[in-house]
K.L.:
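Okay, here's the structure, questions in a sec.
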Amino acid sequence: MAAADSTSTTLQRRDLCSRGIRLAGKMRSDVVDLLDTYVEQQGLDASASVAAVEGVPVAAVERWDEQTGTQRLLENLAAYRAFRALLAQMLEEQQEQLGEADATLGQALAAVLLQVSAFTYHLEELLRLENRGPPSEEAAVLPVLPPLSLFERKLRGLGVLRELAQWAVRSVRDLRQLAKPGPGSSAAPSPAESP
Amino acid sequence: SQSHSPTPGAPTWPRPPQPPLHCGYNLPSMQCLLPPSLCVSIADPAVISPQDPTLLIGSSLVATCTVSPDFHLGAEDLYWTLNGRRLPAASYATLGPTTLSVALAHLNGSKQQSGDNLVCHSRDGGILAGSCLYVGLPPEKPVNISCWSKNMKDLTCKWAPGTEGETFLHTNYTLKYKLRWYGRDNTCQEYHTAGPYSCHIPKDLALFTPYEIWVEASNRLGVAVSDVVMLDILDVVTTDPPPDVHVSRVGDLEDQLSVRWSSPPALKDFLFQAKYQIQYRVEDSSEWKVVDDVGNQTSCRLAGLRPGTVYFVQVRCNPFGIYGSKKAGIWSDWSIPTAASTPRSERAAGGCDPKGGEQNTTLRRELKQFFGWVKKHAYGCSNLGIKLYDQWRVWLQKSHKARNQVGKEPFTLLSLPWGGQWGAGGGLCGARTRWLRGAPFISAGASRR
């Protein structure tokens, strides 16, 4: 009986992971397109480098291959919750400044925001499957930032989208690790499994 | 032991572990993960003045960049770019040990509506501060306001922006309205419902009192107000497209189709003077033929059609004179196309004609009638020709018509070879049909009255 439950959970996890991988892949592709539109509409240099901004989750991670499955899911969830808030703020600012007339950028931003929300939900489902409910959202509330000039907002938007694109790549890798059969996804992968 | 390095040849993720790098700037809220030469900060290593100014096209600007003393940079270490292009050193002036200015003359309109990017850089290319310049013109007053009310329940208005109004700066449009004599200003809330310059007022509209309607255009350089349009909702009513459009064959008549529809239900009680139009086309053509004046009938026969052909038919409604309004109504959208085919022409098909004998009998009977008529009305007339035949046809049709008025079937005779009219009494539709070729005709069905 217990074995049957375990098999069912494994299959469910694999299914959720494979759908999550597809979702993250599509999100990555859409974010890259959005970045092109954003850079063009804001008149920015596509190659400009932007510093990490407070509130924007950094995709760079040390000892990635030592992480447990639960750790991966929790870090992903925290990141996408933050992106959801950041993108909503960007969308609001964009509409405030350029109205609904600038439909291309607004629609693309809204579409990516929707994907991020869907992916967040997906991660919560995976965490439930790990017998660990998703943590409360309070932790994901954006820090209160000092008011930014319009130019600073432009750069922050660039930073948010770039980091989100990086996160989408990391999430695909994380979910691939989770989907791998093995003695419990929560365990750290062996060195051979590291990307 | 576990390796912390990515697999050789693996894509960019995860990045190899590395100690976080800092820009060298004292940024409490930021942490740069890139080498200092590439680093862009969005905190305050420097300050540009003026920050995010709005300017008229052709004006000039002197901007200054002052670096924070903590960064140990001098004015000589700075340079400027505008939209990514380095500005010439000749336009710079050193105003202090850490302050560099740039003079921009005769500014053109902003390259993007989000503002031109005037950026102060350190010698290594890093961005120290930026300012968005909004250069443009004040808005011009919006023009061509037109409004319509669907079923007297709402109001939608469209307008056109003033020329060049939006070329460089984003312009906001606000549609306002009030009852003419005693209302207070209201602001429309639902924009872009019927295109980019439109707004929809869904409810709380009064009838029998004119409204004043106007549009305010505003951008960073000012506000422009359109002329005020005055209208009564009753004068701008339009309806839903007529529902229940049915197209069917007229017996075996191979050149005709019958069209029937219902009045738009929302306005059924007010449509005493509604007009309808029909348009139809053959399946393989995009060219519609319009039947202009169907009047307020809710059925109509299309004739002169090609045998064995699929036709698409649409109907629309124009409700005019509602509650005594003197204004011409506004046409509804066309109904969804309804398709039907005319019967195949058996003669054209060249096959067996099972009704041949029947037709011969009819022809013989008709000829017999004709000669009888000639004997009675044109005896001795040497000018026997097609005109005489035409006259006989008119006589024949009149006698049929008289017979039909007595009976129940309103229109049985459909053929008027010379394209003449019967007179309006019988509810003929299509007297003003716009035909493209040939000489087809329309015959009316039952009037809704």
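Note that the structure is a prediction, hence the values are computed from the model and not measured. Chain naming here is simple, since letters A, B, ... match the order of the sequence lines and numbering starts at 1 in each.
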K.L.:
Would the distance check show the side chain of B:N117 and the main-chain N or O of A:G43 forming a donor-acceptor pair, the cut-off being under 3.5 Å?
P.N.:
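Yes, the answer is positive, given that a donor and an acceptor are paired below the 3.5 Å cut-off.
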
K.L.:
Would you say B:E190 has more than 12 foreign heavy atoms packed within less than 6.0 Å of its CD?
P.N.:
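It does: B:E190 CD has more than 12 such atoms within range.
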
K.L.:
What pair of heavy atoms forms the shortest contact from A:S149 to B:D52, and how long is it?
P.N.:
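Heavy-atom minimum between the residues: CB-OD2, 3.7 Å.
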
K.L.:
A quick test of your reading: do over 12 heavy atoms of other residues, nucleotides or ligands sit less than 6.0 Å from CD of A:E40?
P.N.:
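Atom CD in A:E40 is not crowded, with 12 or fewer foreign heavy atoms closer than 6.0 Å.
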
K.L.:
To the nearest 0.5 Å, what is the distance between CG on A:L44 and CG on B:N83?
P.N.:
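Result: 9.0 Å between the selected atoms.
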
K.L.:
In this structure, which one of B:L118, B:I48, B:I127, B:L133 forms a side chain to side chain contact (heavy atoms under 4.5 Å, CB included) with A:F151?
P.N.:
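That would be B:I127; it is the only one of B:L118, B:I48, B:I127, B:L133 passing the side chain to side chain contact (heavy atoms under 4.5 Å, CB included) with A:F151.
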
K.L.:
Rounded to the nearest 0.5 Å, what separation is found between the CD atom of A:Q41 and the CD atom of B:Q112?
P.N.:
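Going from the CD atom of A:Q41 to the CD atom of B:Q112 covers 9.0 Å.
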
K.L.:
Is a side-chain donor or acceptor of A:K154 paired with a backbone partner of B:S114 at a separation under 3.5 angstrom?
P.N.:
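Here the side-chain-to-backbone pair exists.
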
